[in-house]
**Q** 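Quick one: structure below, then a few questions.
Predicted model only: the values in this text are computed from it and were never measured.
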Amino acid sequence: MIETPAIDYGALSPIIALVAGICVVLLVGLIGPRGRRGLSSALTLATLAAAAGLLVWQLGEPDADLVAGALRSDGLSITIGLIVVAAAALVVPLQLRDPAAEEAGFGETHTLLLGSVLGMLLLAEAQNLISFFVALELLSIPLYVLCGSHRSRSRSLESGLKYLIVGSIGSATLLYGSAFIYGGSGGATDFTAIAQGIGADLADDPLVLIGIALVAVGLAFKVSIAPFHQWTPDVYEGAPTPITAFMAVATKAAAFAVFARFFITALGPSADQWQPALAALAAVTIVVGNVGALGQDSLKRLLGYSGVAQAGYMLTGLLLGTVKGIDALVFYLAAYMLINMAAFAVIAVRERETAYGDDITAVQGIGKDRPALAWSLTISMLALAGLPGTAGFIGKLFLIEAAVAGNYTWLGVFIVVGSMISLVYYLRVVAAIWMRPAPRLAPAMAGASTEAAGEPGLPRRTGEPGRTPSGAPSGGRCWLVLGAILAATAATVAFGIVPSPLIDFSAHAGEGLASMLGPG
Amino acid sequence: MSISTWGWLVLAFPLAGSLLIALLYRVLSAKAAGWIGTLAIALAFACSVGALLGLLDRPADQREIASTLYDYAGAAGIPFDLGILVDPLSVFMALVVTGVSALIHLYSVAYMGSDRGYRRFFSFLNFFVFSMLLLVLAGNYVLLIVGWAFVGFASYALISFWYRRRTATDAGMKAFVINVIGDIGLVFAAILLIKELGVTDYGAVFELAPEAFTANEWTVVAICLLLIVGAIAKSAQAPLHTWLADAMEGPTPVSALIHAATMVTAGVYLIARSYPLFDLAPTAADVAAFIGLFTLLMAATIALVVTDLKRIIAFSTMSQIGYMIVGVSIGAYSAGLFHLMTHAFFKALLFMAAGSIIAAMAAIQDIDRMRGFRRAMPFTCGALIVGALALAGFPGTSGFFSKDEILAFAATRGGMYWIFAVGGYIGAILTAFYSFRIVFRVVYGEPCEEAKELEGGHLAHAEPVNPATGEVEDTDVGFPGPDHHIAEREWPMKVAMAVLAFGALFGGLIQIPGVTHVLESFLEPVFEASPIAATVHVSTTDAYIGMAVGGLCSLLGIGAAFYLYMVAPGSTLRLRDRFRRLHDFLFNRWYFDELLNALAYRPVIACGRFASGTFERVVVDGIVRGAGDGVGGLGTVVRTAQSGFVRFYALLVVAGLAGLGLYFLLAAS
């Protein structure tokens, strides 16, 4: 007889719901006609809603080890899971009229999206090296495909391929590092067992340290920490915008969750070794991200670099190894999710309405014609910069406070200076929205006429094959999309003024790791 | 109503006005937006008066009311709450801010009448006042920083209000960037406070600070120096003053708002508010005082030669703020704040008069072109003369009493502080000279063409151009509107100027040495803990000696201006040719812009250019070119992806990995 491990089905229920949902969405996509966007989207949203409901239910339950300790359901995994599910739910309406989703088929796109969400949930719960790696691949592979899903656009294909190659390097590094740690800790795969294996004696063993370095690099890839970030702007720019939004937010959240869990639970004994190294990486990342974003004309590239800088801020919260730090990290991730989803959604809408793609020209002068979009993007930009009155400000305040309390005041200083630099490029977008006249050419004309390429106001990327503006549906007037944008924006402001619900939410994460963490 | 309710209402009205105008801009008629904005500020003023009366009802030692709307500390462990502090100092500031702002709003209703961005203007204006009130009413350093940042943002929006003017958007950017430098200083100060004391509430900070720090300990000096960085950036003191002259690109009511009542006085308020910290760090306080003295003299000399009407007044503002900074840094708190109040009156009045004259000149701002407006615009010229008299410290006017109170304090404190008295009196001569330079050139003399036309009953009208560059403009949204408005024909402008002129003439009577001390006794509970204020007392005799000297300085300056511009016209040209080098040095504003350019601006731009140039060219353009060449087939993509860029990534990855690995190995050994 094979002895089956005891499985806590209650704690596993979000995962089960997602798997069931994936099967249903895939099958419905197969049997129906190709354009079944409504049914497919509704089923996807239903799946996500079910998963979210089950996660919320689990939030009140005690922490549990699942599947023989391979997974662990605790405050950290559940809060991150909710952030991921919310991000996916905001992406679904955006895909309704997305040319990429239309081309690839809604059933397939949504299946892949849900698959990636599943991977992220598992990653946030991963408690040993095997499930860690499997979950990472499960989240990455659907994303590689989704990035390349706009097949008639070469940049999308290029983005998918590039992500695949670079992502594979990251995964390989990670796997290699895991092997070192496995060997160094005397054959342990479980995170707590690794911590015991390393103990106090092996904390500065070269074998373990090389393993830590390799794992850190692999994770740094996923969360775009400099100097392992170069793929970020390229892939962000090339991928279909809804996918970019999802990647920017959800991947980062899930990867940071496992980053925190692995480094704090498994590598806690070596903290003195890796803390300064990660601090240096965080500082470099803040500088590189903010300086890189300065000259960008493509909004998606700009947000890509901004995402790099934000990853630097978040890494600060992680490396402190305190409850406060983890709380601040999760709070920042939640705020970042709301802000970024609104920003990318506006970009996606304007991409479909104008021929300027994601160039900054596309949002010029929208303050007059589309005040709802203009305000959302403005508030998002100010929130990313950390202006008071938004969730971004409270998030930064939290991180700085945690850094000061954790004796990394100098990193707090980096966050402040980085935020000040970032104002330059965020305000450039705000200025474009409110203080520039709308571009003169009518959108449909611009794409169709050949002279348009010579028009000085036009960016160089307009003449792409596959982006025929005549066929571009005007998704911007879709109420669902507008509703999602406004909801995210309203939440950004609301949590900026009364942050306590979000603070209570993120406090669950710190509790999940509290036994491993120092106080403060 | 309780005092704290009044305090919250002071904040609520401008915010509500701003949001109401912003949300209903399609529905509201232009004039309605203006009146809503004005009403909101007037109500805020009424509530400030309510708070004042509430405070006066209480005994002097119970006039400090803190009120918290939302406590972030309970939720998150961050020592900070959404709370206000209503005490004599904050109520005094709120009264000055709302009072003068209400008049400026009233003036703008008429002055901005034909501008296509009328509603946006009032929404911003209300937001600006809200931010400023948040700054002065905040009960802790973090909320102060919030207001501080909002003010910076609002000023950026207002200076760049005519956003199709290149010069205006550049000026807005400059103001914003310099303000952000100040913000960084403040944020660092707050971080240090949290680290050292664990609190940000004013009361708690000032209570804990004397126990935590010994006098002149480096931490407290560092905190104060960082506060000074914030203060001088906002208050346009050297070397962070260059934004203020450029900020004149904004509409004239904005200049009045930013330069008189509100934004620039924030630094003075900050130092006065933080006086218990500065008491512990006398070195830092002296640094601030010397910065103030230097700015006072530098800006006054520049104002002697600048020819743009609004910019003369702007440099005069820097100079006058210098007096206030000197005052609050050497311990003359109530005197410094008294000058803040009188300056708000006469400077707002001067800007309003200047706006009226510029309108009559059809947007020309160069005083070389203006002459002889006394018959064409008697009301405006009267207001200008009243403002200039108060600015020059003419005996009996408000500026006379307030300025001399600061200088008498410096002289009484003695020792090194004599320097400030002497420098202040020299500055007073220069001030009197340049203020009457404006008067004698604009009011008197043979009327210029525009003045003659106006005497004939016709307002000059010209092709709309940018006064700074001469570029031709249209009058659509983003540029100034087609029509100009002068005080003689618009009653709201007249009312606003008349009230301010009254304040500028008689505002000083509340603080006549030996006779009245309204402000001093009102503010006393705030500053009673200060050891300097407790030991240094200006005797009435000394005060009158100081006033005699100040009056003489004022008359000397006015007399010199009278001689050079009225008795011997043309002699200034000879002087200019004689001292050509000096003139150029002053005219180019001591070359501060060039200095900052070379030290700060260029390196940053170079960084950005590197990022977008070299880096982008290597990494990005190659991809675009590679992908664009082919039809977009997979083959091309693979080739592009493999030929160079991914390899370039891999190189960086290996380098990064090697670095990290090396670090760990070194750490291990």
**Q** Can you tell me which portion of W274(A) sits under 4.5 Å from chain B's heavy atoms? Options are side chain, backbone, both or neither.
**A**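 Contact with chain B is through both the backbone and side chain of W274(A).
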**Q** For the CD1 atom of I194(B) and the CG atom of L397(A), what is their distance to the nearest 0.5 Å?
**A**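 So the gap between those two atoms works out to 6.5 Å.
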**Q** Could you state the interatomic distance from OH (Y156(B)) to CG (L427(A)), rounded to the nearest 0.5 Å?
**A**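 Y156(B) OH to L427(A) CG: 5.5 Å, rounded to 0.5 Å.
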**Q** What part of V413(A) gets closer than 4.5 Å to chain B, counting heavy atoms only: side chain, backbone, both or neither?
**A**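 It is both, since atoms from each part get that close.
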**Q** Return the option, out of V288(A), V430(A), V498(A), L281(A), with the maximum number of heavy-atom pairs under 4.5 Å with chain B.
**A**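 Looking at each of V288(A), V430(A), V498(A), L281(A) in turn, V498(A) comes out on top.
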**Q** How long is the straight-line distance from CD of E401(A) back to NZ of K195(B), given to the nearest 0.5 Å?
**A**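 Reported to 0.5 Å precision, the distance equals 11.0 Å.
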**Q** For F161(B), which residues count as a ring-ring contact (aromatic ring centres under 6.0 Å, His included) partner, sequence neighbours excluded?
**A**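 Applying ring-ring contact (aromatic ring centres under 6.0 Å, His included) to F161(B) gives F121(B).
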**Q** More than 12 non-hydrogen atoms from neighbouring residues, nucleotides or ligands closer than 6.0 Å to CZ on F127(B), yes or no?
**A**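 Yes.
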**Q** Specify which of A220(A), A277(A), G412(A) makes the most heavy-atom pairs with chain B at under 4.5 Å.
**A**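 Winner by heavy-atom pair count: A277(A).
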**Q** For atom CH2 of W375(A), decide whether the heavy atoms of other residues, nucleotides or ligands shown that lie under 6.0 angstrom number more than 12.
**A**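 At most 12 heavy atoms, drawn from other residues, nucleotides or ligands, come within 6.0 Å of this atom.
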**Q** Measure distances from Y425(A) to the heavy atoms of chain B and classify the residue's part below 4.5 Å as side chain, backbone, both or neither.
**A**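 When you check distances to chain B, no heavy atom of Y425(A) falls under 4.5 Å.
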**Q** Which members of residues 180-192 of chain B, sorted by number, sit under 4.5 angstrom from chain A on a heavy-atom basis?
**A**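 At a heavy-atom separation under 4.5 Å, chain A is reached by V180(B), D183(B), I184(B), V187(B), F188(B), I191(B).
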**Q** Could you tell me which of T409(A), L387(A), I210(A) has the largest number of non-hydrogen atom pairs under 4.5 Å with chain B?
**A**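 The residue among T409(A), L387(A), I210(A) with the greatest pair count is T409(A).
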**Q** Where on P371(A) is there a heavy atom nearer than 4.5 Å to chain B: the side chain, the backbone, both, or neither?
**A**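 Looking at P371(A), just its side chain touches chain B.
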**Q** Counting only non-hydrogen atoms closer than 4.5 Å, does N290(A) touch chain B with its backbone (N, CA, C, O), its side chain (CB onward), both, or neither?
**A**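 It is neither, since no heavy atom gets under 4.5 Å.
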**Q** Given heavy-atom pairs under 4.5 angstrom as the criterion, report whether the side chain, backbone, both or neither of I421(A) touches chain B.
**A**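 Interface part for I421(A): neither.
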**Q** Go through the atoms of F393(A) and report whether side chain, backbone, both or neither lie under 4.5 Å from a heavy atom of chain B.
**A**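 Looking at F393(A), just its side chain touches chain B.
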